[in-house]
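Comments concern the structure below.
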Amino acid sequence: MIEVQGLTKAYGEKTAVNNISFSVNKGEILGFLGPNGAGKTTTMRVLTGYLPATQGTAKIAGFDVFDDSMEVRRRIGYLPENPPLYLDMTVANYLDFVARIKNVPAEKRAQRVEAATEMAKIADKRGELIKRLSRGYRQRVGLAQAIVHDPDVIILDEPTVGLDPKQIIEVRHLIKSLAGSHTIILSTHILPEVSMTCDRVIIINNGKIVAVDTPENLTLQLKGGERIRVEAQAPEQALRDTLQKIPGAQKVQVDSVGSGGRMTAVVEARQGQDLRSQIAAKIVGQGWPLFELRGENLSLEEIFLQLTTEDPAQKKAEETK
Amino acid sequence: MRGLYAIYRKEMSHYFVSPVAYIVLCIFLILSGVFFNYILRQVIQYAFDAGMENMQMGGAGFSVDVPSMVLRGFLSILGTIVLFLTPFLAMGVFSEERRRGTMELLMTSPITDADIVLGKFLASLSLFAIMLLPTVFYVFYMFGHSDPVPPWRMIAGGYLGILLLGGMLLALGSFLSSLTENQIISGVLIFGLSLLLWLLDIFTEGGNNALAQSLQYAAVLQHYDPFVRGIIDTTGLVFFGSWIFFGIFLTMRSVESMRWRRA
């Protein structure tokens, strides 16, 4: 449904999005995850035809977002970061206006406005002026605006910002209920949101794609079983040395727990290696009592931080090259 | 076309809930009413004095064409009022949309830039016409109470001229409004433009050298004056028409460039 090839967008000297490619299948929910300023909004703006790309192409339903902008615009619903609302209109008038500029035929307009307000749970606010609505309701009016013409593709930039926890859950349900018949791209910098709503995640940082996968795979495959937690009774320094000598152990962190010389150690292994048996053998071999040994999954949050946080030392090395 | 109508409709309904439009309309009514009253009194006084003087000299009475004089004075002053009030109608046209982020909604909807620009221009011109409407009542009032009746040509020409003048200011104003998110800045820019046009008029009056004459061509009120006299000539039509066209053209380019400028 959506095809992005080698997309680059530069603002003067600054490159906001750097050569990214991805595709989204029909009916899928794709999450864009990244810190602020990563290029999420820029990518979405290019997809909606609001900004032209510097290089590369993007196609929605087979139409190029630049060359066939009108065809693309007919097929998308877009909620920008700040909901584009006319504050002195009522909710119903506003949605009617949006339906008009989105080419909804006259005979269907009232029905579509009603459906959108039902879905966004703002049916009881139809007659109210938008300026009298709270932040959460305004956000939902913005959401209703994006679906009022029943578009094939829905692009949502940070759809849950400014909502309270209950509203966030409702909006997530709404998004999930739209999937299947609609293709959805949403951006966020909140991690649980992605694991809860999206079929696939693109992690983006500094304008580049860092990882693409399902939320489960990102958590399990990428790092699963490769972080091992050990609890043993041993001298701190000796334990650290022993663990560090194990081939494949990258990072060892040892802390004492309470009194009695018990230590917990966290060992991180290189990707795809399971060091559990070796660790057990070493500790038992030293004659230290072993209390616990288990593999830990990294949460999506940690993966996100790992993938997007640059190592200052590495960066410096690259600069001096 | 459907997009243009949707924009037009939205703009009109916006005007009727916006305090700015009501305040401008209200001030316009007050000013035009005061000036109409003043001009009427002045002209009647003048006609009365002239008649008396004529009779004292032994003449058989002297008739002054009061309706024409009133109308001409009134329409001229309307032009000046319009020059100073229109900026307030035009300043928010695009600035407000940019500030609210609604420009992003319009520009990602299946409507053309021309739909947006022309829809907005026609709506502001309609509001301008609505603003003028009450003054038509004054003119009709004169019909009922004067002899001879005011000349039709002058009325039609005057109002056509004022619409053209307003259209020119609104078209150029919508361009200036599209340049900034700040309504105050766009308001000051448009007001500055009006002021400049008005000053040109004053400075070039009576000047005979080449500079004064070429500047005179740019002075709007000079082109407005023939309309007030009931003369609809092509120079005026071309002058206002090309400014309106130019303003709309610049606005379209400016809206188009928003896609490139936005960071």
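Naming: A, B, ... by sequence-line order, numbering from 1 per chain. Quick caveat, the model's predicted, so the values are computed rather than measured.
- Counting heavy-atom pairs under 4.5 Å between each of A:Gly49, A:Pro52, A:Ser69 and chain B puts A:Pro52 at the top.
- Distance check: A:Thr48 OG1 to B:Glu104 CD gives 6.5 Å after rounding to the nearest 0.5 Å.
- Side-chain contact between B:Arg9 and A:Asp96 is present, with at least one heavy-atom pair separated by less than 4.5 Å.
- Taking CG of A:Leu47 as the reference point, atom OG1 of B:Thr108 lies at 12.0 Å (rounded to 0.5 Å).
- A distance of 5.0 Å separates OH in A:Tyr94 from CG in B:Leu105, rounded to the nearest 0.5 Å.
- With values rounded to the nearest 0.5 angstrom, B:Met107 atom CE is found 11.5 Å from A:Tyr78 atom OH.
- Counting all heavy atoms, side chain and backbone alike, A:Arg100 lies closest to B:Ala6 at CB-CB, 3.7 Å.
- Residues A:Pro84 and B:Gly101 come closest through the heavy atom pair CB-O, 3.5 Å.
- At a heavy-atom cut-off of under 4.5 Å, chain A is reached by B:Ser109, B:Pro110, B:Ile111, B:Thr112 from residues 109-128 of chain B, listed in order of number.
- More than 12 non-hydrogen atoms from other residues, nucleotides or ligands lie less than 6.0 angstrom from CZ of A:Arg135.
- Within a 6.0 Å sphere centred on CG of A:Asn82, other residues, nucleotides and ligands contribute 12 heavy atoms or fewer.
- For B:Ile7, the parts sitting under 4.5 Å from any heavy atom of chain A are the backbone and the side chain alike.
- Between the CZ atom in B:Arg100 and the CG atom in A:Leu87 there is a gap of 4.0 Å [rounded to 0.5 Å].
- Using a 4.5 Å cut-off between heavy atoms, A:Asp88 contacts chain B through both its backbone and its side chain.
- Annotation: A:Lys59, atom NZ; neighbour count of heavy atoms from other residues, nucleotides and ligands within 6.0 Å does not exceed 12.
- Of the two parts of A:Val72, neither the backbone nor the side chain holds a non-hydrogen atom closer than 4.5 Å to a non-hydrogen atom of chain B.
- In terms of heavy-atom pairs under 4.5 angstrom with chain B, the leader among A:Ala146, A:Pro83, A:Pro80 is A:Pro80.
- At a threshold of 4.5 Å between non-hydrogen side-chain atoms, the residues A:Leu129 and B:Val17 do not count as touching.
- Atom CD of A:Gln55 has 12 or fewer neighbouring heavy atoms from other residues, nucleotides or ligands inside a 6.0 Å radius.
- One distance of note links NZ of B:Lys10 with CE of A:Met89; it measures 6.0 Å at 0.5 Å rounding.
- Looking at A:Leu85, the atoms closer than 4.5 Å to chain B (heavy atoms on both sides) all sit in the backbone: N, CA, C or O.
- Of the two parts of A:Glu71, neither the backbone nor the side chain holds a non-hydrogen atom closer than 4.5 Å to a non-hydrogen atom of chain B.
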